[in-house]
Visitor: 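There's a structure below that I have some questions on.
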Amino acid sequence: MIIELINHHINQMVDLMFHQYVTNNFYIGLEDIKRYVRFYFWVTHLQSLEPTYSVTKVNEMIIKDEGLEDYFYQNGGKNSNLDKFIERGIDQYHGINFRTIQEEKLRSEKLKNTNVSGNCYMNRKIDLKESQIHQYKTHRQIKDQGDYLKNNKDSKLTAYRTTTGRINRELKNINLKNLKELYEHYKLKIEDSDVISKSLECYQLEKSLQYNLLISILLHVSKYCNSEEEALQSISDLRLLFLNPLVDQRQKYVPLYFTLDEAKKERWVQEILGLNKFIDISILGVFQDEIIDGLLGLVKNQLNYEIITGYYELDDFTVHYKKKECNLDYYRLILNQIMDLNHTIDELNTSSKN
């Protein structure tokens, strides 16, 4: 009952912010925005209740879960390979967070400064809360290529490993087929595993790899653009969608873009920027609301991830394509534009610290 009351107050806050700050309706529905704000609110508080584990501790947990204790601990002592396994796990953790690990404080202050944005693409920051361990373990299985972890003799692991290694360092060199196979691999891991929350895992997968949005942009640019110059202009606008957190709704803006004339495309850009800003303002209002905070205090220690069950499902992200529908030159343009946008965001984040 209290949870429903909190959700009601969150919805009211979004309505209030909409009437205060927005003059025209967004192309997507306000109910979809409310749904995301509720999801963000609950996940934030659920994760605040979880313990934070060190990378070493998580790898010790993986050793136990995978039945590797007899291998790494022999005759009352540790095997010489144990330190190597732990060190590799630490290196992989830092590799995952290559671009973002130094921005933890900045992200935690985002609600105070809504002009600050995180990495728009391939941001696989893992805080190693209990709900994040599954992601980290899946990444370790890929990087280890079956050296230690079981159920890992996949012939495609080398391609997965290469792709994950390029995500934050050599984005423009990621092969489209390999990206698709990596995405499908992560989906299967979510389907086959007893994860804490499939809704959370689905959201994080799409927000980090952004696969479905990328493919949607690629298909439409390939269909409607007749030159590299025309494609580049479209991509420079469409890439703004990577900054939008509504992972199950933002794709609707892609086909809309190609129905507009140049003047309306400029208004399209302003709507995307305004929508992102509105979501930030709504979240800020929710977290500062004293009524919501008071109600949360009554149930905070009773919360679990069942609250967000059904918010996101793997079936929400089912874009398909045929190779002949994709212009691979335009695919490279998209990746380059994402890299340029990330670089601009990094510069803005760095300047905001000073």
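Along the sequence shown, residues are numbered consecutively beginning with 1. Given the structure is predicted, the values throughout are model-derived calculations rather than measurements.
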Visitor: Determine, for K34 against E31, whether the closest basic-nitrogen to carboxylate-oxygen distance falls under 4.0 angstrom.
Guide: yes

Visitor: Once you round to the nearest 0.5 Å, how far does CG of L296 lie from CD1 of I3?
Guide: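 Answer for the CG-CD1 pair, L296 versus I3, is 9.5 Å.
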
Visitor: Ignoring hydrogens and geometry, is there a side-chain-to-backbone donor-acceptor pair from K129 to E50 under 3.5 Å?
Guide: yes

Visitor: Flag the pair T309 / S197 as yes when at least one side-chain heavy-atom distance between them is below 4.5 Å, and no otherwise.
Guide: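 Sidechains of S197 and T309: no contact.
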
Visitor: Side-chain contact test, heavy atoms from C-beta onward, threshold under 4.5 Å: evaluate it for C225 versus F258 and give yes or no.
Guide: yes

Visitor: For the CD1 atom of I133 and the CD1 atom of I62, what is their distance to the nearest 0.5 Å?
Guide: 7.5 Å

Visitor: Could you go through N212 and Y183, starting from their C-alpha distance and side-chain angles, then the distance that decides it, and tell me whether this counts as side-chain hydrogen bond (donor to acceptor under 3.5 Å, both in side chains)?
Guide: CA-CA 10 Å; N212 287 275; Y183 177 77; 2.7 Å; yes

Visitor: Taking S234 for its side chain and V221 for its backbone only, find out whether a donor-acceptor pair lies under 3.5 Å.
Guide: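 Not a single qualifying donor-acceptor pair exists.
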
Visitor: Measure centre to centre between the rings of Y312 and F39, then say whether the value is under 6.0 Å.
Guide: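 Under 6.0 Å, so yes.
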
Visitor: Is the shortest side-chain heavy-atom distance between L218 and L176 below 4.5 Å?
Guide: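 Yes; the side chains approach each other to less than 4.5 Å.
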
Visitor: For E229, I'd like to know if atom CD has over 12 heavy atoms of other residues, nucleotides or ligands within 6.0 Å.
Guide: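 Open: at most 12 neighbouring heavy atoms sit under 6.0 Å from CD of E229.
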
Visitor: With clusters defined by side-chain heavy atoms of hydrophobic residues (ILVMFWY) lying less than 4.5 Å apart, directly or transitively, does L188 cluster with L182?
Guide: no

Visitor: Quick check: do I33 and F18 have side-chain heavy atoms less than 4.5 Å from each other?
Guide: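 They are not in side-chain contact.
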
Visitor: To the nearest 0.5 Å, how far apart are CG in L328 and NZ in K177?
Guide: 12.5 Å

Visitor: Is any side-chain heavy atom of E313 less than 4.5 Å from a side-chain heavy atom of K198?
Guide: no

Visitor: Less than 3.5 Å apart, any donor N or O on the side chain of R250 or Q210 sitting next to an acceptor on the other?
Guide: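 Looking only at side-chain atoms, Q210 and R250 do form a donor-acceptor pair, the distance falling under 3.5 Å.
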
Visitor: Taking Q337's backbone N and O only, do any of them form a donor-acceptor pair with R239's side chain (distance below 3.5 Å, no angle check)?
Guide: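 Confirmed, R239 side chain pairs with Q337 backbone.
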
Visitor: Hey, what do you get for CD1 (I174) to CG (L179), rounding to the nearest 0.5 Å?
Guide: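 Going from CD1 on I174 over to CG on L179, the span is 6.0 Å.
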
Visitor: With a 3.5 Å distance limit and no angle check, can you tell me whether D293 reaches the backbone of D289 through a side-chain donor-acceptor pair?
Guide: no

Visitor: Is E325 reaching over with its side chain to a backbone N or O of K322, donor-acceptor style, under 3.5 angstrom?
Guide: yes

Visitor: Has E191 got more than 12 heavy atoms of other residues, nucleotides or ligands less than 6.0 Å from its CD?
Guide: yes

Visitor: Examine distances only and state if a side-chain atom of E230 and a backbone atom of N226 form a donor-acceptor pair shorter than 3.5 Å.
Guide: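 Yes; at least one donor-acceptor contact below 3.5 Å.
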
Visitor: Please check if any side-chain donor atom of N59 sits under 3.5 Å from a side-chain acceptor atom of R88, or the reverse.
Guide: no

Visitor: Assert yes or no for the condition that the ring centre distance of Y21 to F278 is strictly below 6.0 Å.
Guide: no

Visitor: Centroid-to-centroid, Y40 to H45, below 6.0 Å?
Guide: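 No, ring centres 6.0 Å or more apart.
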
Visitor: Would you kindly say whether N244 and Y253 are connected by a side-chain donor-acceptor distance under 3.5 Å?
Guide: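 Side chains of N244 and Y253: no pair found under 3.5 Å.
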
Visitor: Determine whether F242 and L214 make a side-chain contact, defined as any pair of heavy atoms from C-beta on separated by less than 4.5 Å.
Guide: yes

Visitor: With side-chain contact (heavy atoms from CB on, under 4.5 Å) as the criterion, how do R38 and N11 come out once you've worked through the C-alpha distance, each side chain's angles and the decisive distance to 0.1 Å?
Guide: CA-CA 8 Å; R38 294 196 305 270; N11 291 342; 2.8 Å; yes

Visitor: Do K180 and I215 make a side-chain contact, defined as non-hydrogen atoms from C-beta onward lying under 4.5 Å apart?
Guide: no

Visitor: When hydrophobic residues are tied together by side-chain contacts of less than 4.5 Å, even through go-betweens, does V195 share a cluster with V43?
Guide: no

Visitor: Any side-chain donor paired with an acceptor under 3.5 Å for Y305 and S131?
Guide: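 Yes, side-chain donor-acceptor contact under 3.5 Å.
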
Visitor: CG of L295 to CD1 of I10: how many Å apart, nearest 0.5 Å?
Guide: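 Between atom CG of L295 and atom CD1 of I10 there are 10.0 Å.
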
Visitor: So how far is it from K252 NZ to L241 CG, rounded to the nearest 0.5 Å?
Guide: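 Output value for this atom pair is 13.0 Å.
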
Visitor: Would Q135 and Q132 count as having a side-chain donor-acceptor pair, cut-off 3.5 Å?
Guide: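 Short answer, yes.
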
Visitor: Above 12 or not: heavy atoms from other molecules or residues under 6.0 Å from OH of Y321?
Guide: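 Check passes, neighbour count above 12.
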
Visitor: Would you say Y186's side chain and T138's backbone share a donor-acceptor pair under 3.5 angstrom?
Guide: no

Visitor: Quick one: are E181 and H185 in side-chain contact, heavy atoms under 4.5 Å?
Guide: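 Result no, sub-4.5 Å side-chain heavy-atom pair not found.
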
Visitor: Taking E206 for its side chain and V247 for its backbone only, find out whether a donor-acceptor pair lies under 3.5 Å.
Guide: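 No.
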
Visitor: Is a side-chain donor or acceptor of S222 paired with a backbone partner of N327 at a separation under 3.5 angstrom?
Guide: yes

Visitor: For a side-chain hydrogen bond (donor to acceptor under 3.5 Å, both in side chains) check, start with the C-alpha distance between H8 and E4, then their side-chain angles and the critical distance, and finish with the verdict.
Guide: CA-CA 6 Å; H8 175 69; E4 292 176 357; over 6 Å; no

Visitor: Does E87 form a salt bridge (charged side-chain N to carboxylate O under 4.0 Å, His left out) with K84? I'd like the steps, not just the answer.
Guide: CA-CA 5 Å; E87 288 172 4; K84 179 181 178 181; over 6 Å; no

Visitor: Is a donor on one side and an acceptor on the other found under 3.5 Å between the side chain of Q251 and the backbone of S216?
Guide: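 Side chain of Q251 to backbone of S216: no pair is present.
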
Visitor: Step by step, work out the side-chain contact (heavy atoms from CB on, under 4.5 Å) result for I338 and I334.
Guide: CA-CA 6 Å; I338 292 168; I334 294 171; 3.9 Å; yes

Visitor: Between V254 and L213, does the side-chain contact (heavy atoms from CB on, under 4.5 Å) criterion hold? Intermediate values first, please.
Guide: CA-CA 9 Å; V254 179; L213 177 57; 4.1 Å; yes

